[in-house]
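Remarks on the structure that follows.
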Number of protein chains: 2
Amino acid sequence: MQTKGSGPEPTTPAPVTLHDVARAAGVSVATVSYVANGRTNVRLSDATRLRVQQALDDLGYRPNALAKNLVKGTSKFVGLVTDGVATTPFAGQIIHGAQDEAWRHGFVLLVANTDADPQVEHEAIEMMREHQVRGILYSTWYHREITVPPALDSAEMVLVNCYAPGSDARAVVPDERQGGRVATEQLLEQGHRRIAFLNTTWESPARTGRLAGYRDALAAAGVGFDPALVIDAEPNQEGGYAAYEELRRLDVTAAFCHNDRVAMGLYDALRVRGLKIPTDLAIVGFDNQEVIAAHLRPPLTTVQLPHYELGAAGVRILLGIDPVPTGSVSKLACPLVPRESVASGLAD
Amino acid sequence: MQTKGSGPEPTTPAPVTLHDVARAAGVSVATVSYVANGRTNVRLSDATRLRVQQALDDLGYRPNALAKNLVKGTSKFVGLVTDGVATTPFAGQIIHGAQDEAWRHGFVLLVANTDADPQVEHEAIEMMREHQVRGILYSTWYHREITVPPALDSAEMVLVNCYAPGSDARAVVPDERQGGRVATEQLLEQGHRRIAFLNTTWESPARTGRLAGYRDALAAAGVGFDPALVIDAEPNQEGGYAAYEELRRLDVTAAFCHNDRVAMGLYDALRVRGLKIPTDLAIVGFDNQEVIAAHLRPPLTTVQLPHYELGAAGVRILLGIDPVPTGSVSKLACPLVPRESVASGLAD
DNA sequence: ATGAAAGCGCTAACAG
DNA sequence: CTGTTAGCGCTTTCAT
């Protein structure tokens, strides 16, 4: 309220309403509403239309979205509840993709980070529903199986970067298998035949999917699968560094690492031995973690998780723009990001 | 609507309203409103209170936040418009901090990534205002000077990770100078006296602030400032690697790097020469970019940018929880994250 | 102790 | 062509 009170009133100035404009233009609120919304199916004289528009501009009218949504019964909100994508370096792209796509369709993104706390998760979802969100994106910071939180029952929603086997929820996840395949193919194309795979020790879709892709590529190239070439490694620098001990005894010319961090550790191990990449060993990573991959020496060829697209696709499915059947889980391709850790000429 | 219509109605089931509950409990909506909001200052018989509560639970009543906010005239939204914090690895913590803090006070976070496009920025702000946000946080992905977008005029807002010299906007930024000081002190405490500073070439508060901090620490320790020890380096791995050429001629025992990436490059340069950290050279970085700092060999001692706190503090200022005067720019401390790239015993 | 009623700002029939 | 009116779901005096 902009009374002349001397108190420091930090509230926003004057919310000018349809009513104000109507009075100023000497017309009814309905008329103002029409021109404010640019409705052409209503017939208005150019004269009034102009006069109203003038008043609209003069007073600096801004519609109250709350009121608008109330009457329409549905808001322009899309909720995103995450267990920590905001916390994670590259998974933040899920937010980015969701926000961009939502925006593109006139929707605003409501985000809630739950840090995987079921209580917070529950409240976040309730609250979004109270705000009449059009739907909710439920996402995880790494690709995994989940069980849909009860609060999401009978809510319009789609799972992002996770999936729930039992449920009929629609989901969108990265295509780990295709990613594993494209990584391996890259090595195969350079003539490598004995390719080690430093797989993660964590049970996950990434672990099984990428392995399957690795085998797909091998099979397609007519190269036999040798289980001995699959090495368990902790999914971080230390894991990659340690794995070298095992890898050296394998007589391989290339290694496909579960992620960029493992690759980074492997780089270290090779450097200590004075070995060169890609001549002594060609390497491909996974994740395309910018800060690592693009700046390792040599820059790391890797595969990218489609986080941005995951968020965007989730919104598209939610809004019904990409129609997919109930229970479907869409897999998004993981593109190869070629750099210099795999020779461009024939290796070996 | 759950009519028996055969069409696929993906809309949420049945929005049960106050009215529904009132009828079910045989009371008026006012009464229901009272108990739904747990108002104790209104006197209601325990009997009705219980009966209404029962109906509330039975029907699974969920208030419509839109309607609630409409009548109260203000929403429970806080907007966050960023030029790309969602895009950046660690700056995503600004979102996280803002979201957590907003949540703590019953507010929801509306995010909009503008990718620094003024047009998008304008629309994002307008739209947030239409949604009657309580206030807007305007943030940048790296600490810098900005000019406040006109759309923000006369809006409740605070600048996060950026500041606008001319304006009377409140801002909250990292204390670069203190960060530079604490980093240098760490080296000084270990007995180092000739400490190189690999400063960034980018003109920025980080560049000038950290240098000032470096000098502060030197002065406090009675060590003379030698301009020759300040080396320009591109703020990435390549910059750190290249800077070694200059650094080797300097006869220093330690180096303070503008950021972790530069430190990473420097690690590489040292390794190539067979030099050891911290014995041959002690190193401290800046940013605490987890994926690098914690996993370098040895792990990197660094200074952390308080992104999470920046977001949280921004919200607190916005909501008036942390009262600060108009035009003030609060500086948040950058804590030291000690690891192993600085010896624990006396070096040199 | 409880209910009726007046809006919040806006949209959408329905009248004229 | 334009104005009147009835709500959207909820809060809040003011009666009773």
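Lettering follows sequence order; numbering is per chain, from 1.
- The CG-P distance, from B/Leu18 to C/dG3, rounds to 13 Å in whole Å.
- The distance between atom CG of B/Asn69 and atom C1' of D/dC10, rounded to the nearest whole Å, is 10 Å.
- In this structure, the nucleotide among C/dA13, C/dC8, C/dG3 sitting nearest to the side chain of B/Val71 is C/dC8.
- Rounded to an integer number of Å, the gap from B/Tyr61 OH to D/dT11 C1' is 10 Å.
- Ring geometry for A/His131 against B/Phe77 counts as tilted: the plane angle lies between 30° and 60°, on a 0 to 90° scale.
- One can place CG of B/Leu44 at 14 Å from C1' of D/dT12, the figure rounded to the nearest angstrom.
- Closest to the A/Asn64 side chain, of the nucleotides C/dG9, D/dT11, C/dT11, is C/dG9.
- Looking at B/Asp322 and B/Arg170, no side-chain N of the basic residue comes within less than 4.0 Å of a carboxylate O on the acidic one, giving no salt bridge.
- For D/dT11, the OP1/OP2 oxygens have a side-chain nitrogen or oxygen of B/Lys68 closer than 4.0 Å.
- Distances shown here put every side-chain N or O of B/Tyr34 at or beyond 4.0 Å from the OP1 or OP2 atom of D/dT13.
- Among the nucleotides C/dG3, C/dT11, D/dC10, the one closest to the side chain of A/Ser33 is C/dT11.
- A straight line from CZ of B/Arg39 to C1' of C/dT2 spans 14 Å, rounded to a whole angstrom.
- As judged by a 4.0 angstrom heavy-atom cut-off over every strand, A/Asn37 is placed among residues touching the sugar-phosphate backbone only.
- If you check D/dT11, C/dG3, C/dT2 against the side chain of B/Val27, the one that comes closest is C/dG3.
- One atom, CG of A/Leu70, and another, P of C/dC8, lie 14 Å apart when rounded to the nearest Å.
- At least one side-chain nitrogen or oxygen of B/Thr48 sits closer than 4.0 Å to the OP1 or OP2 atom of C/dT2.
- In this structure, of C/dT11, C/dA5, D/dG9, it is D/dG9 that holds the atom nearest to the side chain of B/Ala67.
- Put simply, A/Thr17 has no side-chain N or O that comes within less than 4.0 Å of OP1 or OP2 on C/dG9.
- Closest non-hydrogen pair, B/Thr48 versus B/Ser45, comes out as OG1-OG, 2.7 Å.
- In this structure, A/Arg23 atom CZ and C/dC10 atom C1' are separated by 16 Å, rounded to whole Å.
- Residues B/Glu309 and B/Arg316 are not paired through a salt bridge, judged by the lack of any N-O separation under 4.0 Å between the basic side chain and the carboxylate.
- Side chains of A/Val32 and A/Tyr61 form no contact here, defined as non-hydrogen atoms less than 4.5 Å apart.
- Atoms CD1 and OG1, from A/Ile95 and A/Thr82 in turn, are 6.0 Å apart once rounded to the nearest 0.5 Å.
- Here the C1' atom of nucleotide C/dT11 and the CG atom of A/Leu66 are 15 Å apart, to the nearest Å.
- Candidate nucleotides D/dT12, C/dC8, D/dG3 were compared by shortest atom distance to the side chain of A/Thr31, and D/dG3 ranks first.
- Taking for each of A/Arg49 and B/Pro63 the nucleotide of DNA chain D with the nearest heavy atom, the 5'-most of the two is the partner of A/Arg49.
- The side chain of B/Ser45 lies closest to C/dT2, out of D/dT12, C/dT2, D/dG3.
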